[in-house]
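Some notes on the structure that comes next.
Residue numbers run from 1 in the order of the sequence given. Treat the numbers as computed from the prediction; the structure is a model and nothing was measured. Remember, it's 1-based here, ligands and their atoms both numbered in the order they're listed.
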Amino acid sequence: MATRRFSEKQLVIASHNPGKVREIGDLLAPFGAEVVAAAHLGLAEPEETGSTFVANAKLKALAAARGSGRVALADDSGLCVNGLNGDPGLYSARWAGPSKDFAIAMAKVLRRLAPVDDKSAYFISVLALAWPDGHMETFEGRVTGTIVDPGRGTNGFGYDPIFVPDGHARTFGEFDPADKNAITHRAVAFERLVKACFR
Ligand code: IMP
């Protein structure tokens, strides 16, 4: 089936994180897309019950598209460590616990990975664009790298201090934010989305 292009004026962002909504709005503004947050429309956040990143991105986008009657965009992302069978993966946010303490989540990764030789990992981002009639387009971006112990750097968020992207010597936590944003899993997924649906 041919890729469906975005030709509406407004796009609903299925995220209740205002920072994320603003960032996506800035990215898509050059293409004439005006973004509105799902929370602003009073839409509830569905539970992330999918067993893959694609399934979770799709269920969030579809719920917002059906609930608003407009095209909606959702994302799902995480860190997958190969030597840990892909953990924390879908549970990347949950490993930090209710206090969202990533020092705890990173310590758990490093503790489990200590006896394992394979330190390779990747960040993944999946974007899902859903129409109210149920049509869906999905895009994936990955950045591969290595987990380092101890972590380094105070920039970024989440697992950034323990991840060194391939081809670089610094962790994402040591990257200048603009330099990190240019090469992330999210940047790759957005580039694919824009190329397919917005240009
Ligand atoms: P969500 O897709 O917003 O639910 O994010 C999932 C989790 O993946 C986040 O809470 C972070 O722990 C982790 N994560 C996603 N992207 C990054 C990144 O660029 N750096 C560090 N951690 C990330």
With ring pair (Phe, Tyr, Trp, His ring centres under 6.0 Å) as the criterion, how do His168 and Phe175 come out once you've worked through the C-alpha distance, each side chain's angles and the decisive distance to 0.1 Å?
CA-CA 10 Å; His168 297 266; Phe175 263 62; 5.1 Å; yes
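- Tested against Asp75, the residues Lys58, Lys20, Arg186 include a single salt bridge (charged side-chain N to carboxylate O under 4.0 Å, His left out) partner, Lys20.
- Ring geometry for Phe172 against Phe163 counts as tilted: the plane angle lies between 30° and 60°, on a 0 to 90° scale.
- Taking the six-membered ring for Trp and the full ring otherwise, Phe102 and Tyr159 have centroids separated by under 6.0 Å.
- Electrostatic pairing of Arg192 and Glu140 does not count as a salt bridge here, judged by no charged N lying under 4.0 Å from a carboxylate O.
- Under 4.0 Å from any atom of ligand 1, one finds heavy atoms of residues Lys20, Asp76, Ser77, Gly78, Ser92, Ala93, Phe102, Phe123, Phe157, Gly158, Tyr159, Asp160, Lys180, His185, Arg186.
- Under the side-chain hydrogen bond (donor to acceptor under 3.5 Å, both in side chains) criterion, Lys180 pairs with Asp160, sequence neighbours left out.
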